[in-house]
Structure formats: structure tokens, C-alpha cells
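See below for the structure under consideration.
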Amino acid sequence: MLVTTSYNPSQEIVDKAEHLAGVYGGRIVPRGKYSLELLRKNYNDPSLLLVTREEIRYYEDDHAPAFFHPSMALVRIKRMLRGESDLLMEASSAATGDTVVDCTAGLASDAIVFSFAVGPQGHVTAIESERVPAMLIQEGLASYHSEIAELNEAMRRITVHRMHHLAYLQGLASKSVDIVYFDPMFRKPIEESHAMSHLRRNANDEAIASASIEEAKRVARKSIVLKENRDSKEFARLGFEHVLRSTTKTTYGVIRLC
């Protein structure tokens with residue numbers, strides 16, 4: 001992976017690019033006056049991380065760039081600040097002070113909402129097995145700035161680990177967290193969901209294993225939640241008997257432990 005900067009970068013941006021290249025095993029290359037396409041061609045590398053003052057963007061082959069954005073978390077937190085409910089928070093029974101493990105973080109939208117809901121007294125750990133999403137959320141959660149202070153604070157409180165969720169769960173003590181959440185790539189993709197198709201390219205698309213659910217039952221005190229296609233057979237396969245009714249194409253299955 002090449003790492004470069006925007007045109008005419010400040011020393012701060014150059015230092016950040018060099019730091020990210022070291023952390024993520026990239027090769028730092030000077031931008032000069034070259035286009036990103038020409039840089040990748042000259043160095044014979046299809047993947048490139050662009051570092052700018054506002055954000056980092058990951059380019060691969062001819063695909064649109066991937067970057068961090070809180071996405072629907074921003075809208076959902078605005079609604080919650082107005083006193084409106086959030087379906088996932090209700091399904092999981094998330095409350096102030098809870099500890100949450102998001103086993104399949106993706107770009108961390110749900111993890112952000114959980115972090116807002118549990119507040120500074122609680123904690124959210126976001127687990128992401130794949131290199132690109134893990135890199136984007138690790139950096140994005142630490143640096144993205146919005147005009148909503150509560151959103152910024154929620155993002156900064158999240159801990160990110162790049163590893164497989166089963167290994168992480170196996171390392172936890174029994175009844176050590178309140179909520180375990182799974183939002184895997186759907187077995188039947190919702191093709192018109194642009195955000196999901198964008199993520200799917202660099203995501204882990206394996207199905208949730210029964211072993212992961214058994215570990216979740218061991219470590220969770222309150223609930224286990226699975227997000228899936230409304231008509232998915234994954235709920236039944238994994239033992240989620242309580243599936244919320246939904247008028248949308250997605251819904252939540254819940255295993256309540258208390």
C-alpha cells in the first residue's frame with residue numbers, strides 16, 4: 001500500500017502520513033504534482049492511502065475511495081438528543097453504564113450509537129477483522145469532527161481491535177459484558193444499499209458461526225443482538241427466537257439473557 005498526501009502538504013500532514021505508513025505497513029511516497037492514478041502506476045501498486053487535513057481515503061484498483069464517516073449514526077444521535085427512540089438501542093436494552101462488544105464493526109456506525117447510549121460510564125469495544133475497515137475506523141473515530149459534541153465524545157470513547165470476533169470473545173471472562181452485537185455482511189445482500197456494497201469489497205463476508213453465539217452467551221449478561229435481512233434464515237439457524245417485526249428490509253433478532 002502506498003501512502004501519500006494532498007498537494008502542497010503542511011509538515012503536520014507529512015508527519016501524519018509517515019506515521020500511518022509505519023503503523024499500517026505502507027510505503028510513503030511524495031505526492032509532488034502527480035495524480036493518484038499516476039502514482040499507483042509509477043510504483044506499480046493498486047492500493048493507496050491519501051492523507052489530507054480533513055481525512056484519510058483508501059483507494060484500490062478502479063473502485064471509488066473508502067473513507068470514514070459516521071453515516072446514519074449522526075442522524076440517529078440527533079434523533080436521540082431530541083428524545084426519540086432508536087430501534088437497536090431498544091432491542092438490546094442498552095442503558096447508561098453498559099459495556100458493549102460490537103463483533104463486526106464495519107465502519108462503526110452502530111458502535112457510535114451504542115457509545116452515545118451507554119455514555120461515559122459505559123464502554124464500547126469495536127471488533128473488525130479486516131485491514132481496511134479497521135484502519136479507517138481506528139483513525140476516523142479518533143479524528144473525525146462534527147458540530148455535535150455528543151457525537152464526537154461517543155466516537156472518542158470507542159476502543160477498536162483488529163481481530164476476529166470469536167478469538168476476542170474467547171478471551172473474555174464469563175458474564176463480563178452486557179451486550180454482544182453482530183452485524184455481519186448479509187447472506188442475501190440488499191443490492192440497492194450503496195454503503196453496504198461499498199463496504200462489502202473489503203469486508204469479511206463469512207457467516208456468523210454457532211461457536212460465536214455460544215461464546216456470546218457465555219460472556220454477555222443482558223442480550224445478544226443480530227442484525228440481518230428481515231427474511232433471513234440466519235435468525236433460526238443461530239437460535240434467535242425473538243425477531244423484531246419490521247417494515248424495512250432489515251431487522252434485529254435478540255437473545256435475552258436476563
Side-chain angles (χ1 to χ4, degrees), residues 1-9 12-74 102-112 126-145 155 158 160-165 167 182-208 227:
M1 177 181 72
L2 304 177
V3 181
T4 194
T5 67
S6 50
Y7 292 118
N8 302 313
E12 180 183 3
I13 298 304
V14 172
D15 292 344
K16 182 177 180 180
E18 292 177 346
H19 170 73
L20 292 176
V23 170
Y24 297 107
R27 176 185 181 185
I28 189 76
V29 295
R31 179 67 182 270
K33 297 182 179 180
Y34 295 108
S35 68
L36 300 181
E37 181 180 1
L38 194 54
L39 275 178
R40 290 190 291 170
K41 181 179 180 181
N42 288 347
Y43 288 95
N44 193 31
D45 193 328
S47 62
L48 179 146
L49 188 67
L50 173 65
V51 181
T52 72
R53 184 172 62 85
E54 295 82 13
E55 63 183 356
I56 63 173
R57 289 188 169 229
Y58 177 78
Y59 294 78
E60 187 173 6
D61 298 319
D62 296 325
H63 300 296
F67 56 93
F68 173 83
H69 189 278
S71 187
M72 284 301 295
L74 191 152
D102 182 344
C103 287
T104 49
L107 290 179
S109 182
D110 288 326
I112 296 169
I127 308 300
E128 174 52 52
S129 64
E130 303 308 296
R131 180 177 69 101
V132 173
M135 172 179 65
L136 294 176
I137 62 173
Q138 182 76 63
E139 301 305 319
L141 290 170
S143 61
Y144 185 91
H145 181 77
M155 289 190 291
I158 298 171
V160 179
H161 292 297
R162 183 193 165 193
M163 62 188 301
H164 195 280
H165 60 261
F182 297 93
D183 178 16
M185 291 289 103
F186 294 172
R187 298 302 88 201
K188 182 180 179 182
I190 299 175
E191 299 297 346
E192 62 268 33
S193 174
H194 176 71
M196 289 301 99
S197 61
H198 184 71
L199 176 61
R200 184 174 287 270
R201 198 171 62 246
N202 290 301
N204 183 337
D205 62 358
E206 69 181 28
I208 299 298
K227 181 180 180 181

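Computed from heavy atoms alone, side chains included, the values below leave out hydrogens, waters and symmetry copies.
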field: Interatomic spacing from CG in Asp15 to NE2 in His19 - rounded to 0.5 Å
entry: 10.5 Å
message: Tell me if the OH atom of Tyr34 is crowded by more than 12 foreign heavy atoms within 6.0 Å.
response: no
message: Any non-hydrogen side-chain atom of Arg57 less than 4.5 Å from a side-chain atom of Leu136?
response: no
message: Before you tell me yes or no, could you show the steps for Tyr24 and Gln138 under side-chain hydrogen bond (donor to acceptor under 3.5 Å, both in side chains), namely the whole-Å CA-CA distance, both residues' side-chain angles and the distance that decides it to 0.1 Å?
response: CA-CA 11 Å; Tyr24 297 107; Gln138 182 76 63; 5.3 Å; no
query: Donor-acceptor pair, Thr52 side chain versus Glu55 backbone, under 3.5 Å?
result: yes
query: How many angstroms lie between atom CG of Leu107 and atom OG of Ser71, to the nearest 0.5 angstrom?
result: 8.0 Å
field: From Glu54 atom CD to Ser143 atom OG, the distance as rounded to the nearest 0.5 Å
entry: 11.0 Å
field: Polar side-chain atom of Arg31 near backbone of Leu39 as donor-acceptor pair, under 3.5 Å
entry: no
query: Any donor-acceptor pair under 3.5 Å linking the side chain of Thr104 with the backbone of Phe182?
result: no
- prompt: Atom CZ in Phe68, atom CD1 in Ile56: separation rounded to 0.5 Å?
  reply: 10.5 Å
query: How long is the span from the CG atom in Leu2 to the CG atom in Asn44, to the nearest 0.5 Å?
result: 9.5 Å
- prompt: Would you find more than 12 non-hydrogen atoms of other residues, nucleotides or ligands less than 6.0 Å from Asp62 atom CG?
  reply: no
